[in-house]
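When reading the values below, keep in mind they use all heavy atoms of this one structure, side chains included, and skip hydrogens, waters and symmetry mates. Count residues from 1 along the sequence. Quantities reported herein were computed from a predicted structural model and do not represent experimental measurements.
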Amino acid sequence: KDTYLKFFESKGHKIIPSAPVIPENDPTVLFNTAGMQPLVPYLKGEPHPEGTRLTDVQKCFRTNDLDEVGDKTHHTFFEMLGNWSLGDYFKKESIEWSFELLTKQLNIPVERLAVTVFKGNDIVPADIESAKLWMAQGIPEERIAFLGEDDNWWPNMELTGPCGPDTEIFYWRSDEEIPANFDTENENWVEIWNNVFMQYMHNPDGTFTPLKNKNVDTGMGVERVTAILEGQTDNYKSSIWKDIIAKIEEVSGKKYDDEKYTKFMRIIADHIRAVVIILGDDAKIMPSNKDQGYILRRLIRRTIRYAKQIDIAIDSDWEQELAKLVIDEYKTYYKELERNKEFILDALKNEKTKFNRTLEKGLREFEKITKNIQTNSIDKDTAFKLYDTYGFPIELTCELAEEKNLIINGIIPVFSIVFTGTGNKIMIDLSFQQAVMQILVHIQEEITFSTIDNDSQIAILYLINLIDNGMIIPYFLVRFIFSQ
């Protein structure tokens, strides 16, 4: 991180602090999910108080692939390095400096690099300029792939406003012989950096016109690049995670390299880091059943459950020790972590204490139910009883059932379903658009409108219309009748 920031500072960029992980002026999303998100107003033309050349490391948080956390590469919280030109320099400097940083500062051999550029369409021409600039740096023509708008255009061809082609930089992450030609389908080629060149305005009438002030927006993921530079194919074996994984090994008495525990340790490490970052934000989000608080509670509960899986003594101060490690690691960059340290530790401890009682009872009851089960499914009424009687979260029941290759009749096991009380009500988290569509399609196919009241019919139709038109609404409560 320091190398990146100091490099661009030497190129006349002002180092700016990360924006909060909780968006300050954007109610359409729960978290900042990309490095460029907090800078959108300035990319659209608003003057930035620090000038036209900026660089930063931004706190980002995503839950759209939460179920993938536990493999080698996925994380909920991640850091994104970025450099920005607000109507200042453009493609030439951006590509030259990207190449210089990678090959001169980070010492990546040029033969391990390849790039993609926009191939053009019937509206906008191919980005030949970027391809020529890369060749001038030493990237051979056979290592440059021209791809379409799905891969090399930001944000997409449908949205109006500032837009443009991007060029993505790939690294050969394998000890196998590096092929002469760049095959974008070969998984050994891993994207490490993306440079977006905002040079067009997509007008409401569908035309694209050149922007007077052209912008550059780049993003590089810290976790992925660190692992690459350290020769690791497993992100969790990089220096970023070394201390926290060691502490998890210490408090559990288990080893990360033991395949029985690797996935659990990755989830604990990822989630505890994410929890500390969210709690450390000055927004002072607390675990709850709505908005960011629900996501926070969900992560803490998952952390506790997987800690039990590797025999960590839940009543010990294990979560405090792990949280303190994260705070010490990141407080240099995010000073709010030290400022809010007591708040972080207290919130974690209180939530652990409350949930541990629920978890113990629920797990015992779940084991009783599944021990004597005669089929591969759990009745929906049994799942509801676990929630209604023991307070056991329905999403946790779904997770446990999936681990035992069981299904729950009448419940769609997606992350965005959570009971909010009796009466078969659920909360739908519309920030998870794909999951919501599954739910709404399920409602339409399995439940006729005659089974729900008129107000709910209107609500469902309204939600479908919003999603079809690309809207993202944080939460909406609707009545849900289980399918029979």
Side-chain angles (χ1 to χ4, degrees), residues 1 3-16 34-40 42-45 48 50-58 80-106 108 110 112-120 124-141 143-147 149 151-155 162-171 182 191-201 210-222 224-225:
K1 287 186 284 191
T3 299
Y4 186 100
L5 296 175
K6 289 176 181 177
F7 174 81
F8 281 102
E9 186 178 39
S10 74
K11 304 297 184 183
H13 292 63
K14 181 72 174 180
I15 300 174
I16 58 173
M36 52 72 61
Q37 196 170 322
L39 289 170
V40 167
Y42 309 108
L43 293 169
K44 289 184 175 180
H48 194 285
E50 296 294 345
T52 58
R53 295 186 181 191
L54 309 172
T55 187
D56 72 349
V57 53
Q58 171 63 40
M80 188 65 72
L81 291 161
N83 58 284
W84 323 86
S85 168
L86 306 177
D88 193 318
Y89 62 85
F90 201 47
K91 294 180 183 179
K92 183 176 185 295
E93 294 87 347
S94 179
I95 288 173
E96 287 178 354
W97 291 340
S98 295
F99 188 81
E100 181 183 349
L101 176 66
L102 293 173
T103 60
K104 305 298 183 186
Q105 300 293 316
L106 301 180
I108 294 177
V110 65
R112 286 190 173 270
L113 297 176
V115 300
T116 61
V117 296
F118 182 56
K119 72 176 182 180
V124 179
D127 190 9
I128 302 297
E129 180 184 1
S130 290
K132 288 182 177 179
L133 287 167
W134 281 120
M135 285 189 280
Q137 296 304 305
I139 301 292
E141 187 174 359
R143 290 285 180 83
I144 300 174
F146 284 82
L147 301 180
E149 61 195 64
D151 298 290
N152 284 92
W153 186 270
W154 185 93
C163 58
D166 63 52
T167 180
E168 296 182 345
I169 307 168
F170 289 76
Y171 174 87
F182 175 31
E191 181 203 340
I192 57 173
W193 204 350
N194 186 20
N195 292 18
V196 178
F197 303 126
M198 279 176 263
Q199 65 185 100
Y200 297 101
M201 173 62 73
L211 284 170
K212 180 179 179 181
N213 292 320
K214 298 176 175 63
N215 302 320
V216 174
D217 155 23
T218 86
M220 174 192 284
V222 172
R224 179 180 292 181
V225 173

- Task: Taking side chain to side chain donor-acceptor pair (under 3.5 Å) as the test, write out the residues that go with Lys1, two or more places apart.
- Result: Glu79
- Note on the structure: Pro162 and Pro155 have their tightest heavy-atom pair at O-CD, 3.9 Å
- Which distance, rounded to the nearest 0.5 Å, do you find between the NZ of Lys214 and the CE of Met198? 13.0 Å
- Message: According to side chain to side chain donor-acceptor pair (under 3.5 Å), who are the partners of Lys92, at least two apart in sequence or on a separate chain?
- Response: Glu96
- One should read off an interatomic distance between Arg143 CZ and Phe182 CZ, to the nearest 0.5 angstrom, of 9.0 Å
- Side-chain touch Phe90/Val216, heavy atoms, less than 4.5 angstrom: yes
- Any residue meeting side chain to side chain donor-acceptor pair (under 3.5 Å) with Glu100, in chain and number order, not counting sequence neighbours: Lys11
- Quick one: side-chain contact (heavy atoms from CB on, under 4.5 Å) partners of Asp56, sequence neighbours excluded? Ile16, Gln58, Trp84
- Check each of Asn195, Asp217, Thr218 against Ser94 using the side chain to side chain donor-acceptor pair (under 3.5 Å) test, and report the only one that passes. Asn195
- What is the distance from atom OG of Ser98 to atom CD of Gln137, rounded to the nearest 0.5 Å? 9.5 Å
- Item | Any residue meeting side chain to side chain donor-acceptor pair (under 3.5 Å) with Thr52, in chain and number order, not counting sequence neighbours | Asp88
- Query: Heavy-atom distance under 4.5 Å between the side chains of Trp134 and Ile169, does that happen here?
  - Reply: yes
- Item | Residues forming a ring pair (Phe, Tyr, Trp, His ring centres under 6.0 Å) with Phe8, sequence neighbours excluded | Tyr4, His13
- Query: For the residue pair Ser130 and Val117, what are the closest heavy atoms and their distance?
  - Reply: CB-CG1, 4.0 Å
- Message: Suppose we screen for side-chain contact (heavy atoms from CB on, under 4.5 Å). Which residues come up paired with Lys119, at least two apart in sequence or across chains?
- Response: Phe146
- Closest contact, heavy atoms only, Gly82 versus Thr55: O-OG1, 2.9 Å
- Message: So Gln199 and Pro165, do their side chains get closer than 4.5 Å, heavy atoms only?
- Response: yes
- Give, for atom CG of Leu133 and atom OG1 of Thr167, the distance between the pair rounded to the nearest 0.5 Å. 9.5 Å
- Return each pair, listed once, that meets salt bridge (charged side-chain N to carboxylate O under 4.0 Å, His left out) where at least one residue sits in residues 129-141; pairs must be two or more places apart or across chains. Lys91-Glu129
- Can you sort out the partners of Glu168 under side-chain contact (heavy atoms from CB on, under 4.5 Å), two or more places apart, ordered by chain and number? Thr116, Asn152, Asp166, Phe170, Glu191, Asn194
- Task: List the steps and the verdict of side-chain contact (heavy atoms from CB on, under 4.5 Å) for Leu102 and Trp193.
- Result: CA-CA 10 Å; Leu102 293 173; Trp193 204 350; 3.9 Å; yes
- Got Tyr89 and Asn83 here, is their nearest side-chain heavy-atom distance under 4.5 Å? yes
- Output yes when a side-chain donor or acceptor of Asn215 lies under 3.5 Å from a complementary backbone atom of Leu43, and no otherwise. yes
- Does the side chain of Val110 come within less than 4.5 Å of Phe99's, by heavy atoms? yes
- Item | side-chain contact (heavy atoms from CB on, under 4.5 Å) partners of Val124, counting only residues at least two apart | Phe118, Asn121, Trp153, Met157, Tyr200, Phe208
- Query: Considering only heavy atoms from C-beta outward, does the side chain of Arg53 approach that of Ser85 to under 4.5 Å?
  - Reply: no
- Side chain to side chain, Ile95 and Val115, heavy atoms closer than 4.5 Å: no
- Item | 4.5 Å side-chain heavy-atom contact, Asp127 and Phe197 | yes
